[in-house]
Every structure is written in structure tokens, then in C-alpha cells.
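For this chain, numbers begin at 1 and follow the sequence in order. All ligand and atom numbering here is 1-based and tracks the order in the structure. In what follows, every heavy atom counts, from backbone to side chain, and hydrogens, waters and symmetry copies are set aside.
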Amino acid sequence: MYNGVPNTPINVVAVPPPTPTSIDVDDVQGDVLVGLQKNSQTFMFFQINDVATFKTVLRADIARRLTMTRLVVAREFQVRDAKFRSGPVAAGKPAPLPLVGVNVGFTSAGIKKLVPDANLGDASFAAGASTQAKGLGDPVDGNGNLTTWLAPYTSGAIDGVLSVTGGDDDAVANEVTVIHGLLDPVVTFGPIEQGAVRPGEFRGHEHFGFSDGISQPAPSALGLIPFPGQQEVAAGFFVFGYDQSPATATRWMKNGSFMVFRRLKQLVPEFAAALQSAAGSLGTDADLLGARMMGRWKSGAPATLTPLQDDPAFGADATKNNDFDFSGDQVQRKCPYGAHIRKMNPRVDLTGKQADISPRRILRAGIPFGPELTDAESTSGSTTSERGLLFVCYQTSIANQFEFLQASWANNTGFVPGKTRPDETKAAVTVGFDPIIGQNGAGPARTRFTDEAVPNFPVGNTRTTFDQATDVVVPEGGVYLFVPSLTAIVTVLST
Ligand code: N7H
């Protein structure tokens with residue numbers, strides 16, 4: 001994801017001319033593999049009222065406004081060039097380039113309106129995000145109804161999304177106005193979600209304060225030169241029609257991808273208070289505890305390489321900040337097995353048949369939403385204004401990728417399996433929940449623990465857990481979408 005941050009890796013070095021083995025960069029929408037450039041983003045969810053007119057507008061007007069991968073790659077160079085010419089950002093902030101981007105995706109209901117007999121062969125997509133949410137541990141009442149989801153997301157009335165991105169709010173707002181002009185009242189828009197990178201020194205950091213958008217797989221055949229430690233993963237895990245993608249149920253799925261959207265509220269002062277209070281009783285400090293639970297310090301410096309203190313220069317250095325595989329940290333002295341980044345990408349922790357984690361990788365493209373924390377909220381330790389992450393990821397199997405990460409890794413206290421304590425007992429380690437996104441949906445209590453809240457070196461025989469009485473990330477909605485190729489849009493979905 002480009003988010004305008006000076007330390008954001010620009011990892012596209014060269015795109016080869018299309019060859020039979022290359023990605024069709026003119027046919028894959030731009031957010032999927034590289035990520036639309038976004039300082040600001042509006043998600044315009046919609047319901048189609050008039051299918052025939054919608055198809056006409058889609059083919060005649062929307063299709064040519066779509067931002068495909070080739071343009072996104074070219075814009076990465078434009079951004080780099082602008083930064084280079086204006087010198088270090090701190091020396092004189094360059095005005096953001098407008099770089100308006102538009103992508104479109106459809107839910108299963110939306111696809112069926114356009115192609116009534118369509119079957120995309122993905123059971124999670126067909127069922128939809130709200131049906132699948134209980135299996136992800138989202139809070140439910142005794143009748144199985146989602147209790148934290150906002151009404152528009154449980155209504156089943158969403159057929160698709162137009163996501164509009166750009167260098168600033170005005171650029172995005174102008175394009176949103178154009179889209180309203182084209183599609184009102186052919187569709188009914190809603191919900192509308194607004195995301196934006198955080199201001200000033202927090203740019204590139206999510207609301208808990210951690211630098212985000214560091215570790216992404218490099219899709220093969222796209223011409224990326226991976227950074228040290230960056231895993232190259234077959235493009236077929238992210239886009240249909242390439243090596244390793246599931247057999248496509250429908251020919252026109254080629255160059256398309258499944259998009260998972262989740263509105264995740266973050267309880268920022270509550271998380272800070274939980275870290276502070278646990279740090280007090282564990283005899284450690286809250287920043288160290290936070291870094292161990294994330295697996296990175298706020299700057300992005302990885303705990304496994306800088307275990308005891310933050311190192312902002314390290315965190316900002318894309319040639320170093322992902323160059324580790326936990327092989328030197330097999331007794332979780334530096335980074336707990338349960339840390340968010342280790343749960344989500346355990347690297348060499350998995351052995352045997354599971355050792356190749358390529359089938360579990362996702363491409364993330366989210367953006368924060370909501371206002372900055374106020375002093376009053378910090379002081380009271382209680383959220384009064386909603387803020388969080390508009391989480392987005394791309395994959396070719398929702399069940400094997402996003403849902404598997406959430407349900408079978410983040411929520412699974414036994415994951416990573418097979419670890420033992422470094423002391424003479426050699427007792428099995430129960431890793432616990434992902435302390436950021438893990439959800440204990442087993443009962444109403446939802447309490448969670450994560451093993452080894454403080455470093456256990458040099459003695460290696462002290463055992464502690466970070467216990468959390470409440471969730472700090474609360475799902476408020478979600479949508480599963482298919483982001484089709486341009487070819488599918490103009491030849492199948494709009495005819
Ligand atoms: Fe996570 N955070 O900002 O606190 N995530 N995440 N995530 N996440 C990562 O490498 C965060 C969520 C992954 O390869 C970082 O970019 C927050 C969900 C994966 O090392 C930070 C939320 C899922 C990785 C965060 C959230 C994932 C990753 C480190 C929710 C999937 C890469 C910076 C509000 C189910 C792991 C970075 C790797 C990294 C945060 C959600 C997955 C700081 C706040 C729902 C795969």
C-alpha cells in the first residue's frame with residue numbers, strides 16, 4: 001500500500017512487458033496486487049435498483065474510470081519522482097498528487113443480478129460476510145445474532161462497492177460526485193465509509209500507533225524485486241488464472257480476485273490502559289509489552305531483531321525491517337509466538353505439511369477511519385468517538401486465506417502447535433490468542449490470553465501471560481466481494 005509515508009516501501013522496481021507468464025496488468029484492477037495510491041478513500045457500497053441501466057452505465061462510463069494495475073505501477077514511479085524532486089518530506093511538504101483511483105467489486109447478490117446463473121465456486125463468498133462472521137468469533141447473542149455489527153452490514157442489501165481513492169479528500173470527493181451523477185438513482189448508495197491516513201507524525205501508522213503496511217507477500221510474475229525477507233508468493237493465490245489459483249468455476253473469473261472488507265473499530269485508550277495495567281503487574285513497561293504483542297515496535301522495528309527497545313531507523317528501513325524468519329527466536333524470547341505478526345505469518349515456525357504458508361498469505365490494502373484520539377479519551381481511558389481500520393484484503397480463496405487466518409490462527413489458542421518451553425520441564429506451550437485481533441467467541445466472556453508477555457531471557461524460565469478482559473478490536477461490519485477483470489466487466493457483467 002502506498003500511503004504517502006516517507007518510509008513506505010516502493011517495491012515495484014520494474015514491470016516486464018506482458019508475456020504469457022506475466023500478470024495482465026491492464027486487466028487486473030489496481031488495488032488488488034499493488035494497491036491504489038491512497039491518502040484518502042471512500043467506499044461507496046451500493047444496491048442496484050435498475051439492472052439494465054446499471055449495465056449500460058457500467059460499460060459506458062464506469063469501466064473507463066477504473067484504475068488498472070499498469071497505471072498504479074506507473075504512479076508509484078510518479079510518487080517516488082515527486083518525493084525525490086521535492087527533497088525530504090520534512091524539508092518542505094510536497095502537495096499530494098491527486099492520483100484518483102476507482103475500483104469496483106460485487107457481492108454474490110450483485111453478481112447474481114448481473115449474471116443470474118453465475119457460480120463463482122467459493123462457498124464463503126456465496127454465503128456472504130455476515131453469515132460467515134459467527135465462525136470468525138464475532139460477538140453474537142444467545143440466538144446467534146451479531147451484536148456489534150451495524151445495521152447496513154446485516155441487511156443483505158449490498159450488491160457492490162465503488163472504492164474511490166486519491167491524494168487528498170478533495171480529489172476523492174470530486175470523483176465521488178461524478179459517480180453519484182452517473183449512478184443516482186440507478187443504485188442506492190450506502191453505507192458510505194470514509195478512510196484517511198493519519199495526520200502529521202502518525203502518517204502510515206494505524207490508530208494503536210503502530211506503523212502499518214510493512215509486510216506484504218510479493219506476487220510472482222509481476223516484476224517485483226522482493227525486499228530482503230519479503231516472501232515471493234505465486235500470483236494465483238491473489239488473482240485468478242495464474243499458477244496456484246483455484247480452478248475457476250467460471251471462465252470470466254480470470255484476472256479477478258476476492259476482496260474481504262471488514263469495518264474494525266479499535267478501542268485505543270482501552271488498549272493503552274490494558275497494556276499499562278498489565279505492564280505494572282508484570283513488572284515491565286507498556287511499550288515493551290505492546291511491541292511484544294504486536295511483534296513490532298511502533299516504528300515498525302521487529303521485536304525479533306530489536307527485542308528490548310525501539311529503533312526508528314530500523315523500523316523505517318525497508319531493506320531491513322522484514323528481514324527475519326524467527327529461526328533465531330525458537331523459544332520466543334524476543335518475539336512471542338502469539339504476537340500479531342507471528343500469528344499472521346509464522347514464517348519458519350510451521351513445519352511438515354504446513355511449512356509452506358503461501359496458501360495462507362493475503363494482500364492487505366486497508367486504511368484507518370475516524371478522528372484522532374482526544375486528550376479527554378486518553379485521560380478517561382474510554383473511547384467516545386469511533387475510530388479503527390477499514391480492513392481490506394485480497395485472495396483467491398476466502399476460506400483458505402482470510403477466514404483461515406482469523407479463525408484457525410488468530411482465534412486458536414493452540415496455534416502455533418508443537419512449541420515447548422525452554423526450561424527443563426519442556427512443557428508444551430499454549431500460545432493463546434492473537435492479542436490484537438484474536439476473538440474468543442466460545443461464550444459471552446470473550447476473555448483472552450497470550451503467552452509470554454515479557455521477555456523470558458536470560459533465564460528462560462519465567463512464564464507470564466497478557467490477559468485481556470475485553471476485545472480491543474470490535475468488528476462492526478463486513479462485506480465479501482469479487483473484484484472482476486476489466487474484460488469480465490465489459491464482456492460479461494455489463495451485457
Ligand atoms: Fe494486521 N495494527 O496496525 O495493529 N497488522 N492488523 N491484520 N496483519 C500488521 O507488517 C492490525 C488484521 C495481518 O507478514 C501489522 O504491515 C490492526 C486482520 C498480516 O509479518 C500491524 C488490525 C488480519 C500481517 C497490524 C489488524 C491481519 C499483519 C504490522 C485491526 C487478517 C503481516 C505491520 C484493527 C485476518 C504479518 C505490517 C507479517 C500485520 C495491525 C487486522 C493480518 C501494525 C490494528 C483482520 C497477514
**Request:** Output the distance between atom OG (Ser277) and atom CG (Leu289), rounded to the nearest 0.5 Å.
**Result:** 9.5 Å
**Message:** Below 30° counts as parallel, above 60° as perpendicular, anything between as tilted: where do the rings of Phe45 and Phe261 land?
**Reply:** perpendicular
**Request:** Using a strict cut-off of 4.0 Å, indicate which atoms of ligand 1 neighbour a heavy atom of Arg361.
**Result:** 14 (O)
**Message:** Out of all atoms in ligand 1, which are within 4.0 Å of some heavy atom of Phe210? Include the element for each.
**Reply:** 43 (C)
**Request:** Return the orientation label for the Tyr153 and Trp149 ring planes: parallel under 30°, perpendicular over 60°, tilted otherwise.
**Result:** perpendicular
**Prompt:** What about Gln266: any of its N or O atoms under 3.5 Å from an N or O on ligand 1?
**Reply:** no
**Asked** Under 4.0 Å from ligand 1, counting heavy atoms only, is it the side chain of Val473, its backbone, both or neither?
**Response** side chain
**Prompt:** Among Gln406, Arg364, His207, Met344, which one has a heavy atom closest to atom 39 (C) of ligand 1?
**Reply:** Arg364
**Asked** Hey, does the side chain of Asn321 reach the backbone of Gly315 with a donor-acceptor pair shorter than 3.5 angstrom?
**Response** yes
**Item:** Identity and separation of the nearest protein heavy atom to atom 18 (C) of ligand 1
**Value:** Phe391 CE1, 3.3 Å
**Prompt:** Is it true that Asp471 and Arg448 make a salt bridge, defined as a side-chain N closer than 4.0 Å to a carboxylate O?
**Reply:** yes
**Prompt:** Between Phe391 and Arg262, is there a cation-pi geometry (under 6.0 Å to ring centre, at most 45° from the normal)?
**Reply:** no
**Request:** Among all protein heavy atoms, pick the one closest to atom 3 (O) of ligand 1 and tell me residue, atom and distance.
**Result:** Glu206 CG, 2.3 Å
**Prompt:** Within a radius of less than 6.0 Å around CG of Asp141, do more than 12 heavy atoms belonging to other residues, nucleotides or ligands occur?
**Reply:** yes
**Asked** For ligand 1, which atoms, with element, lie under 4.0 Å from some heavy atom of Ile341?
**Response** 20 (O), 29 (C), 36 (C)
**Request:** Mind telling me whether Phe208 and Phe271 have parallel, tilted or perpendicular rings, with 30° and 60° as the class edges?
**Result:** tilted
**Message:** I'd like to know if Arg421 pairs up with Glu452 as an ion pair, taking the criterion as any Lys NZ or Arg NE/NH1/NH2 lying under 4.0 Å from an Asp or Glu carboxylate oxygen.
**Reply:** yes
**Asked** When you look for heavy atoms under 4.0 Å from ligand 1, do you find them on the side chain of Leu264, its backbone, both, or neither?
**Response** side chain
**Message:** I'd like to know if Arg347 contacts ligand 1, where contact means a heavy-atom distance under 4.0 Å to any ligand atom.
**Reply:** yes
Donor-acceptor contacts under 3.5 Å from residues 473-484 side chains, at least two apart:
from	atom 1	to	atom 2	distance (Å)
Glu476	OE1	Arg263	NE	2.8
Glu476	OE1	Arg263	NH2	3.3
Tyr480	OH	Glu403	OE2	2.7

**Item:** Under 3.5 Å: N/O of Ser215 near N/O of ligand 1
**Value:** yes
**Fill in**
Here the atoms of ligand 1 under 4.0 Å from any heavy atom belonging to Phe402 are 35 (C)
**Asked** Which residue and non-hydrogen atom of the protein lie closest to atom 15 (C) of ligand 1, and at what distance in Å?
**Response** Asp212 OD1, 3.8 Å
**Prompt:** Quick check: are there more than 12 heavy atoms from other residues, nucleotides or ligands sitting under 6.0 Å from CD of Gln78?
**Reply:** yes
**Prompt:** If you measure only the distance, is there a donor-acceptor pair under 3.5 Å linking the side chains of Tyr337 and Asp451?
**Reply:** no
**Message:** Given Leu389, Ile357, Ile362, identify the one with the heavy atom nearest to atom 17 (C) of ligand 1.
**Reply:** Leu389
**Item:** Nearest-contact summary for atom 5 (N) of ligand 1 - protein heavy atom, Å
**Value:** His340 NE2, 2.9 Å
**Closest approach of any protein heavy atom to atom 26 (C) of ligand 1, naming residue and atom** = Ile437 CG2, 3.7 Å
**Message:** For atom 4 (O) of ligand 1, what is the closest protein heavy atom, and at what distance to 0.1 Å?
**Reply:** Met294 CE, 2.7 Å
**Prompt:** Gly213 near ligand 1, heavy-atom distance under 4.0 Å?
**Reply:** yes
**Message:** Under a 4.0 angstrom heavy-atom cut-off, which atoms of ligand 1 come close to Ser211?
**Reply:** 33 (C), 43 (C)
**Asked** Looking only at heavy atoms, is any part of Ala410 under 4.0 Å from ligand 1, and if so is it the side chain, the backbone, or both, or is it neither?
**Response** neither
